[in-house]
Asks: 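If you scroll down you'll find the structure; I have some questions about it.
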Amino acid sequence: MPRLLVARLDPGPPERCLRTARALLSRQGGEPVLLLAPLAGEAVLLGRHQRAASALRLPAARERGLPVARRLGGGRALLAGEGALLVLAAAPPGASLFPGPFAADKVLNRYVRGLLAGLRASGARAAAWLGRDVVSSDGRRVAVVSQEGTEAGGTALEALVAVSRDLALPEGLGGYPAHGDPRAAGPPAATLSALAGRAVAAGEVAEAVARGYAAASGLEAVAWEGALPEAPPLAAEEDEAGLARSGPAEIPIGFAEALVRGAGGRVLEARLRGDFMAPAFAREALERSLAGCPLAFEEVGRRVDAAFRAPGAFVHGLRDLRVLAEAVLAAGGAG
C-alpha cells in the first residue's frame, strides 16, 4: 500500500520548523511526507514574496524583540509561535498525495482536504477553504494556507493553524497602506480553542490532521524514521541598493509591487514582490527573463505570462497578471 511518512517535530522556534519544511520539499525522490510541528517562542513570518520593508514596520518589530523569518509559500505576514501548529503536506517529484493527474493550480484544492478534516475533528466543525489563503470556520480565520512547488515537480501545502493563539499581526507592525477593499484582509482571526469552546492542544490537532490526511489520501500513515533535515533559512530582508520602487498596488489578498534597476529604456534588474502565491522558481525565472527587457508593456507582459505558464507554475491571489507588468513599468519609470 502506498505510504504517507508522518514526521513530528518537538515544539521549536518557527524559523527552525520552516527550515525543516524547506528541506522536506526539496527532496528529489521518496514518498509523500506530512510534517507536524508545534511552535514555540514567536516570530513575525513574512510570505515568501513579500518585501519586508513594505509589509512590516521593521523598527517596531525590532523594538519588540521579534525575529522576522520567511515562510515557505506566498501570502501575507503574520505572527506565530507557541499555541500554533505548522503543517507541511509535501510530495517529491513523481509522487502525489492524491490521485491525479491535476494541474499545478489545483494542488492547493486537493492538498487542503486532509487539513480540513483534521480541523473539523478538532473543533472547527465548519472549516472550509474558499479559494484564498485562509481556512475559516463560522466566519473566523483558523488557519493560513499557501502552496509551493519545485521546478523538478515537487508539490506542497504549507499551513499555520491557530490552535490556542491567533495569527494576527499585532497593531502597529503592518507596513502596508489601508486596502481599498475591506474583504482583502479576510475574516477576523480566531483560534480552534475558541471555536471548540474548550482548551485544544497542538498535539491533539496534529494527530487529528495526520488522521485526516491518511483518510483523505488513502495512503498508509507511517512514522518518519531517522533525523529530519534542515535547509538554510531564507533571508527576510534584502539589499535594495540602486533599485527604484513602484509602490504597492492592490491585489485581491493584499498588495504587489516591483523593484527595478533600469537604464537606456531597459530593465537591468527586476524583483517582483507581494502577497500573491506562486512558486519561487517561477518568480525567480521571471526576474531573470526581465534582465535586458525593454521598458514596454508588450515585452514585459509577454515575459510575465510565459513565467506563470511554465510547467509546474501557478499563481493565486491575482485577478490579472497585468498588475505585475504595470508594477515593473512604474518602477522602471521611477528609476
Side-chain angles (χ1 to χ4, degrees), residues 1-9 17 20-38 72-73 85-137 142-150 152-161 163 192 200-226 228-229 277 279 311-312 314 316:
M1 182 177 181
R3 305 191 309 171
L4 172 64
L5 304 181
V6 181
R8 294 175 173 82
L9 279 178
C17 299
T20 296
R22 284 191 65 220
L24 290 173
L25 175 59
S26 66
R27 293 180 305 147
Q28 294 302 304
E31 298 165 295
V33 62
L34 177 67
L35 174 67
L36 302 165
L72 185 73
L85 175 72
L86 171 69
V87 176
L88 177 81
S96 178
L97 276 166
F98 293 89
F102 46 88
D105 63 357
K106 302 299 182 185
V107 167
L108 190 52
N109 174 277
R110 301 295 199 280
Y111 282 26
V112 77
R113 294 173 183 177
L115 176 69
L116 295 179
L119 296 181
R120 290 166 185 159
S122 301
R125 295 179 178 84
W129 175 69
L130 301 178
R132 292 197 174 191
D133 60 337
V134 301
V135 170
S136 61
S137 181
V142 293
V144 172
V145 296
S146 189
Q147 178 186 340
E148 185 53 275
T150 69
T155 52
L157 169 142
E158 175 196 52
L160 285 146
V161 180
V163 181
L192 280 173
V200 179
E204 173 190 346
V205 181
E207 295 310 311
V209 169
R211 292 192 299 271
Y213 273 101
S217 67
L219 301 176
E220 179 187 7
V222 299
W224 174 283
E225 294 184 358
L228 284 164
M277 291 183 279
F314 61 87
H316 301 306

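Since the structure is predicted, the reported quantities are computational estimates derived from the model, not experimental observations.
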Asks: Return the minimal non-hydrogen interatomic distance between Ser137 and Arg125, and the atom names on each side.
Replies: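 Reported closest heavy-atom pair: OG-N, 3.9 Å.
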Asks: Can you list everything that forms a salt bridge (charged side-chain N to carboxylate O under 4.0 Å, His left out) with Glu31? Sequence neighbours excluded, please.
Replies: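 If we apply the salt bridge (charged side-chain N to carboxylate O under 4.0 Å, His left out) test to Glu31, skipping adjacent residues, the hits are Arg3.
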Asks: Given side chains that start at C-beta, do those of Leu219 and Pro32 come closer than 4.5 Å, heavy atoms only?
Replies: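 When only atoms from C-beta onward are counted, Pro32 and Leu219 do touch, with a gap below 4.5 Å.
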Asks: Please report, to 0.1 Å, the donor-acceptor pairs under 3.5 Å made by any side chain of residues 92-107, with sequence neighbours excluded.
Replies:
residue : atom : partner : partner atom : Å
Ser96   : OG   : Phe98   : N            : 3.2
Ser96   : OG   : Phe98   : O            : 2.8

Asks: Using the side chain to side chain donor-acceptor pair (under 3.5 Å) criterion, which residues pair with Tyr213? Sequence neighbours excluded.
Replies: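 Listed in chain order: nothing, the list is empty.
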Asks: Rounded to the nearest 0.5 Å, how far does CG of Leu88 lie from CG of Leu36?
Replies: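 If we round to the nearest 0.5 Å, Leu36:CG and Leu88:CG are 9.5 Å apart.
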Asks: Rounded to the nearest 0.5 Å, how far apart are CG of Leu119 and CH2 of Trp129?
Replies: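 So the gap between those two atoms works out to 14.5 Å.
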Asks: Residues two or more places apart in sequence or in another chain: which of them pass side chain to side chain contact (heavy atoms under 4.5 Å, CB included) with Thr20?
Replies: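 Counting only residues at least two positions away or on another chain, Thr20 forms a side chain to side chain contact (heavy atoms under 4.5 Å, CB included) with Leu9, Leu24, Leu35, Leu228, Glu230.
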Asks: I'd like to check the salt bridge (charged side-chain N to carboxylate O under 4.0 Å, His left out) partners of Arg120; sequence neighbours left out, ordered by chain and number.
Replies: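 Once residues adjacent in sequence are excluded, Arg120 has no partner under the salt bridge (charged side-chain N to carboxylate O under 4.0 Å, His left out) criterion.
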Asks: Closest heavy-atom contact between Ser146 and Leu108?
Replies: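 Closest pair (atom of Ser146, atom of Leu108, distance): O-CD1, 3.9 Å.
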Asks: Who are the side chain to side chain donor-acceptor pair (under 3.5 Å) partners of Asn109, not counting sequence neighbours?
Replies: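 Partners of Asn109 under the side chain to side chain donor-acceptor pair (under 3.5 Å) test: Arg113.
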Asks: Not counting sequence neighbours, which residues clear side chain to side chain donor-acceptor pair (under 3.5 Å) with Arg8? List them please.
Replies: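 Counting only residues at least two positions away or on another chain, Arg8 forms a side chain to side chain donor-acceptor pair (under 3.5 Å) with Glu207.
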Asks: I need the Glu204 CD to Leu192 CG distance, nearest 0.5 Å.
Replies: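 One finds 9.0 Å between CD of Glu204 and CG of Leu192.
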Asks: By side chain to side chain contact (heavy atoms under 4.5 Å, CB included), which residues pair with Ala159, not counting sequence neighbours?
Replies: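 Side chain to side chain contact (heavy atoms under 4.5 Å, CB included) check on Ala159 returns Val87, Leu115, Val145, Leu157.
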Asks: Kindly write out the residues that satisfy side chain to side chain contact (heavy atoms under 4.5 Å, CB included) with Val134, not counting sequence neighbours, or none if the list is empty.
Replies: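 Checked Val134 against side chain to side chain contact (heavy atoms under 4.5 Å, CB included); matches are Arg76, Arg141, Pro187.
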Asks: Please identify each residue that fulfils side chain to side chain contact (heavy atoms under 4.5 Å, CB included) with Ala221, with sequence neighbours left out.
Replies: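 For Ala221 the side chain to side chain contact (heavy atoms under 4.5 Å, CB included) partners, ignoring immediate neighbours, are Val6, Ala214.
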Asks: Which pairs with one or both residues in residues 208-219 pass salt bridge (Lys or Arg N to Asp or Glu O under 4.0 Å), sequence neighbours excluded?
Replies: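 Residue pairs with at least one partner in residues 208-219: there are none.
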Asks: Determine whether Val222 and Leu4 make a side-chain contact, defined as any pair of heavy atoms from C-beta on separated by less than 4.5 Å.
Replies: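 In short, these two side chains do not touch, never coming nearer than 4.5 Å.
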Asks: Please examine the side chains of Leu25 and Glu158, heavy atoms only from C-beta on, and report whether any two atoms are closer than 4.5 Å.
Replies: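 Side chain of Glu158 against side chain of Leu25, heavy atoms only: no contact under 4.5 Å found.
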Asks: Might you point out which heavy atoms bring Trp224 and Arg27 nearest each other, and give the distance in Å?
Replies: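 Residues Trp224 and Arg27, closest heavy atoms: CZ3-NH1, 4.1 Å.
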Asks: Taking all atoms of both residues into account, what is the closest heavy-atom pair of Gly312 and Pro279, and its distance?
Replies: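 In terms of heavy atoms, the two residues are closest at O-CG, 4.0 Å.
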Asks: Please identify each residue that fulfils side chain to side chain donor-acceptor pair (under 3.5 Å) with Gln147, with sequence neighbours left out.
Replies: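 With neighbours one apart ignored, the set is His316.
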